[in-house]
A.B. asks: 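Have a look at the structure that comes next, please.
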Amino acid sequence: MTACRYAGRALALVWLAATAGCARTDRRCEGCETLVVAAVSEPSTLLPPLVSETVGRDIGDQVFERLADLRPGAASIDSAAYQPALAARWERVDSLTWRFHLRPGARWHDGRPVTSGDVRFSFDAFSDSTIGAPAQSVLAGHVAIVPEDSATFLVRFTEASPDELYDATYHVRIIPAHVWGAIPKESWAGDTALTHLVGSGPYRVAQWQRGQFLTLAADSSFTPAPALRRAIWRFTTDPDAALNLVLSHEADVLEAAAGPERERRAAADSTVRIVRYPSAAYGFLGFNLVSAGGHAAPHPVLGDRATRRGLAMAVDRATAAKAVFGPAAKAPPGPMSQLLWLWSDSIAALPFDRSAAARELDAAGWRSGKDGVRVRNGRRLAFDILVPSTSAARRQLATLLQEMWRSAGAAVTVTSVDFPVFQERLGQGRFDAYIGAWIDEPSARGLADQWTRQGWAALNYGHYTNPGFDSLFARASRTASVADAGRAYRAALEMLNADAPALFLFAPANAAVVSSRVRDLEINPYSWASGLRNWRVE
């Protein structure tokens, strides 16, 4: 290719800001070593302890490194599944301690060496309540870093756990103490200086034009050298605008088409291809098992196990998932995305069976009324589904469920509210049922906050509780063998499914839209752009 890829197009201003352009005497255009990503949102920060948006993580993971990387799809408790990153090697010292050795010659982008002191500083930052990092609850008071020399340190835990190596490597990206140590932590969120975004990864931040684009440039000291010299994130405000950037050849990659209609548009363009990969999300309808706003009395309709089971068997989950999220979506066998290592189609779940649903509702005392709505002791089988107005997919799902339950004799309404109101009502228990979605992490431990008794103070908004489930889940979380832990977790999930505190509705797959000029693209579904350094463009 002998001409600049983006000459004469809308990206020209971005390109001129990012590079001096193509020399006509060069045999290759510098644009052939540049990849442009269309992003639907813009991060507020790239500093790892403060990052909350996935786009911030995607960009930040090119700049800052973990000590080690977990192989995609592997169990977090599998010590053989971790690959060197900023740490070259590690070994277990005892049941509570690991020793790590930094990569020889590891340096920050400003040329200073990365030290064990930087690792201790980073873990302290992620544990600090002033920062409030998402991993604070996992790390604070549970993990300590003890430097042995400049390149060697111990990671000590207060309690033994099969997830020790995971907690030592997954949550924390290492940041430079010599940059951030002199800045008060309460000022970190407001710091916008690019010179402070110093990492040890394959790329450095070259330019950030807020509201427009961000440019990463390959760091010359990183080994092996990245195949791409530059990566540019172009920020848009909605999925259609992002897709248009790729279809008009102003961007090369879009993380996800976000809906069947956009997938069809992309599939009709021969200059791009669709790359499917499983999403880390799963969605569900959660029942409120207690009276609205209270934690004592059972919900008059949904507090009854037999009623919930009957309602669950009246829903064709697989059809609903595909109708809303496309043919690659699945109805999960429990609270999990397609990525979580626990996924198994052998996990027992309540089947879609209208006859069995009717028998279960009959046994629960619900009798058909004159208008077709079941009644028990003068109360109609009626309840409301709460959804956020910002999610068209959840509204569509609620409408599908409403119709399926109408056929079963349930009168269901749908209430759509702004997302802040949605979150407020969940926290206050002011709902009958709601459609929610969670993002998995590789450890199954996060399910405790969502479905065990301890989660009543966290994400278990429906206040499901079963001591048997909690006991099985706790035993599974203490099991070190991948095979034994998998069996224990699945037994716990089968008990959860039988109680039907929720309907696990969808585990979608993402459809990346990729220019035909992009080569060697491999996607880690937990961090889709993490392999960017190895991608190539024609």
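Note that the structure is predicted; figures quoted are calculated from it, not measured.
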A.B. asks: Are there over 12 heavy-atom neighbours, none belonging to D371, within less than 6.0 Å of that residue's CG?
C.D. replies: yes

A.B. asks: Verify whether one side chain among E53 and S44 offers a donor that lies under 3.5 Å from an acceptor in the other.
C.D. replies: yes

A.B. asks: Using a distance-only test with no angle check, is there a side-chain donor-acceptor pair under 3.5 angstrom linking W528 and D58?
C.D. replies: yes

A.B. asks: Take the angle between the ring planes of Y489 and F473 and call it parallel below 30°, perpendicular above 60°, tilted in between.
C.D. replies: perpendicular

A.B. asks: Would you call E250-R234 a salt bridge at under 4.0 Å N-O?
C.D. replies: yes

A.B. asks: Using only heavy-atom distances, determine whether the side chains of D163 and S161 contain a donor-acceptor pair under 3.5 Å.
C.D. replies: no

A.B. asks: Do any pairs count as a ring pair (Phe, Tyr, Trp, His ring centres under 6.0 Å) and have a residue in residues 318-376, sequence neighbours left out, and if so which ones?
C.D. replies: F325-F506

A.B. asks: In this structure, are over 12 heavy atoms from other groups packed under 6.0 Å from E159 atom CD?
C.D. replies: no

A.B. asks: Tell me, with the steps shown, if N497 and R309 meet side chain to side chain donor-acceptor pair (under 3.5 Å).
C.D. replies: CA-CA 9 Å; N497 287 340; R309 287 172 57 88; over 6 Å; no

A.B. asks: Under 3.5 Å, is there a donor-acceptor pair between the N466 and R305 side chains?
C.D. replies: no

A.B. asks: More than 12 non-hydrogen atoms from neighbouring residues, nucleotides or ligands closer than 6.0 Å to CZ on R367, yes or no?
C.D. replies: yes

A.B. asks: CD of Q423: more than 12 outside heavy atoms within 6.0 angstrom?
C.D. replies: yes

A.B. asks: Does a side chain donor of either S527 or D61 reach within less than 3.5 Å of an acceptor in the other side chain?
C.D. replies: yes

A.B. asks: Is the distance between the ring centroids of Y166 and H171 under 6.0 Å?
C.D. replies: yes

A.B. asks: Can you name the one residue among F469, F284, W456, W438 that meets ring pair (Phe, Tyr, Trp, His ring centres under 6.0 Å) with W451?
C.D. replies: F284

A.B. asks: Give the C-alpha distance, both sets of side-chain angles, the deciding distance and a yes or no for salt bridge (charged side-chain N to carboxylate O under 4.0 Å, His left out) between R262 and D240.
C.D. replies: CA-CA 8 Å; R262 296 186 188 91; D240 286 317; 2.9 Å; yes

A.B. asks: Holding to side chain to side chain contact (heavy atoms under 4.5 Å, CB included), I want the full list of residues that pass it with A74, two or more places apart in sequence or in another chain.
C.D. replies: L70, R71, A81

A.B. asks: With rounding to the nearest 0.5 angstrom, report the CD to OG1 distance, Q396 to T399.
C.D. replies: 7.5 Å

A.B. asks: Verify whether one side chain among N288 and Y461 offers a donor that lies under 3.5 Å from an acceptor in the other.
C.D. replies: no

A.B. asks: Please tell me whether E42 and W208 have a donor and an acceptor in their side chains that are separated by less than 3.5 angstrom.
C.D. replies: yes

A.B. asks: Do you know which two heavy atoms are closest between L311 and A410, and how far apart they sit?
C.D. replies: CD2-CB, 4.1 Å

A.B. asks: Indicate, with yes or no, if the rings of Y434 and F431 have centres closer together than 6.0 Å.
C.D. replies: yes

A.B. asks: So, S471 side chain and P467 main chain: donor-acceptor pair closer than 3.5 Å or not?
C.D. replies: no

